[in-house]
Number of protein chains: 2
Amino acid sequence: MSDSDLHLRNQLCFALYRATRLIQQIYRPLLDELGLTYPQYLVMLVLWERGTVTLKELGAELDLDSGTLSPLVKRLKAAGLVTTGRRAEDERSVEIALTGKGRSLRERARDIPAKIGCATQMQLEDIVALRTALGELADSLAESHTAMAAAR
Amino acid sequence: MSDSDLHLRNQLCFALYRATRLIQQIYRPLLDELGLTYPQYLVMLVLWERGTVTLKELGAELDLDSGTLSPLVKRLKAAGLVTTGRRAEDERSVEIALTGKGRSLRERARDIPAKIGCATQMQLEDIVALRTALGELADSLAESHTAMAAAR
DNA sequence: CGCCATTCAATTGCGCGCAATTAAATTGTG
DNA sequence: CACAATTTAATTGCGCGCAATTGAATGGCG
């Protein structure tokens, strides 16, 4: 344990924070053309995979809660990309479904990953390795977090 | 280029986004004890290294602009951790300096990196490798971004 | 020197993230 | 069945991030 641990550039967390914001700046002009923000794009990715999801499932997939997702989905709805409605079997749940417009937006998003990959200047295998390492880190952090929450 | 590129879990960007938010959730209870948010903590790290910085230098270090930093510094000032003032040689610049209270807060922050390291469940060498990879990614993204901005 | 361009910070507006609260529907239990 | 506990969303409030605008100080150039 040394003082160097408190140096900004020695912190994994700052490296994550910086890389995350920089990569979102690469996405921004591409997503602007689709009229989406980055979190909205993530929601659309889930919908393009599944067609229909509940808000709760969306939250589990993205690690986000209703405080973030409710207003976000409301904006997607206002943009005509999704419809929402309570589930008949359980009226607590909200189901979110793609509209035709929402589904067709996927075509215009198709070339985004390639453009991003280009900006990273990385080999595909390095990207995959980094993604895998980050996924494992996130999983153990999620575990630590729920363990700490349970201890309270 | 296949459709799988549009799958959420195949995106490096989502792995970054998720890991960043999860690690900040580990920081939160620790920083709550110091009365800091995570971005405020980053600013304090820079100040603990340098003692005094201008807003511009702070922005260069953290990749943040005055729209984010001005109100953030105002809150640190309200908390009695820093003082601010215009530089005599150039009245456009704002200099931010630690107060005694701000400097002494460092003692209470000293054990945070170790606690975070613990939560990651990673070996130190793996953490360093990941941090290095993220730094390189961020650097090439920053380069792509300025290149694209210049093209406009 | 006079004037225009540049630099630097502050402000405004908007969309997240997230904690905390509220409200409604459902489930579990006596 | 009645009633308490749980689940699910929506809302409120606050602090970022970031684009865009504004205003003041400085630098450059004729």
Side-chain angles (χ1 to χ4, degrees), chain A residues 14 16-29 31-32 35-44 53-60 62-79 84-96 145 148-149 152, chain B residues 14 16-29 31-32 35-44 53-60 62-79 84-96 145 148-149 152:
Chain A
F14 176 67
L16 277 168
Y17 170 81
R18 178 164 175 255
T20 299
R21 284 184 304 110
L22 285 168
I23 203 167
Q24 288 190 24
Q25 287 176 24
I26 306 293
Y27 273 93
R28 188 160 298 113
L31 293 178
D32 277 351
L36 295 175
T37 64
Y38 180 71
Q40 289 168 9
Y41 171 67
L42 295 180
V43 168
M44 293 305 289
V53 284
T54 64
L55 194 74
K56 177 183 160 67
E57 289 165 346
L58 208 47
L62 301 174
D63 276 313
L64 291 171
D65 68 3
S66 65
T68 300
L69 291 174
S70 288
L72 188 158
V73 168
K74 192 183 288 185
R75 281 185 281 271
L76 292 179
K77 196 175 166 182
T84 64
R86 296 279 167 173
R87 257 192 19 205
E89 318 89 79
D90 185 343
E91 295 247 324
R92 288 172 302 184
S93 294
V94 166
E95 275 201 326
I96 303 148
H145 189 249
M148 288 165 65
R152 251 182 279 124
Chain B
F14 175 67
L16 277 168
Y17 170 80
R18 178 165 175 255
T20 298
R21 284 185 303 110
L22 285 169
I23 204 168
Q24 290 191 22
Q25 286 175 24
I26 306 292
Y27 273 94
R28 188 161 297 112
L31 294 177
D32 277 350
L36 295 175
T37 64
Y38 179 71
Q40 289 168 10
Y41 171 68
L42 295 180
V43 169
M44 293 304 290
V53 284
T54 65
L55 194 75
K56 179 183 159 67
E57 288 165 348
L58 208 46
L62 301 174
D63 276 313
L64 291 170
D65 67 3
S66 66
T68 299
L69 291 175
S70 288
L72 188 157
V73 168
K74 193 184 289 184
R75 282 184 281 272
L76 291 180
K77 196 175 168 183
T84 65
R86 297 278 167 175
R87 259 193 18 206
E89 317 88 80
D90 184 344
E91 295 247 325
R92 287 172 303 181
S93 292
V94 167
E95 274 200 325
I96 302 150
H145 190 247
M148 286 163 68
R152 249 181 283 122

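Being a predicted model, the structure only gives us computed values, none of them experimental. Order of the sequence lines fixes the chain letters, A, B, ..., with proteins taken first and strands second; residue numbering starts at 1 for each chain.
- Note on ring orientation: taking the six-membered ring where Trp is involved, the planes of Y27(A) and Y41(A) are tilted (angle from 30° to 60°).
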So if I define the base as every atom that isn't primed, P, OP1 or OP2, how would nucleotides 8-17 of chain C read as a B/S/- string at a heavy-atom cutoff under 4.0 Å? SBBB---SSB
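- The backbone N or O of R92(B) lies less than 3.5 Å from a partner atom in the side chain of R86(B), making a donor-acceptor pair.
- The separation between I26(A) atom CD1 and dC18(D) atom P is 12 Å, rounded to whole Å.
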Kindly determine whether L64(B) and R21(A) satisfy side chain to side chain contact (heavy atoms under 4.5 Å, CB included), including the steps that lead there. CA-CA 10 Å; L64(B) 291 170; R21(A) 284 184 304 110; 3.3 Å; yes
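- With T37(A) contributing its side chain and Q40(A) its backbone, the two residues share a donor-acceptor pair below 3.5 Å.
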Report the C-alpha distance between L55(B) and I96(B) in whole Å, list the side-chain angles of each, state the deciding distance to 0.1 Å, and finish with yes or no for side chain to side chain contact (heavy atoms under 4.5 Å, CB included). CA-CA 7 Å; L55(B) 194 75; I96(B) 302 150; 3.8 Å; yes
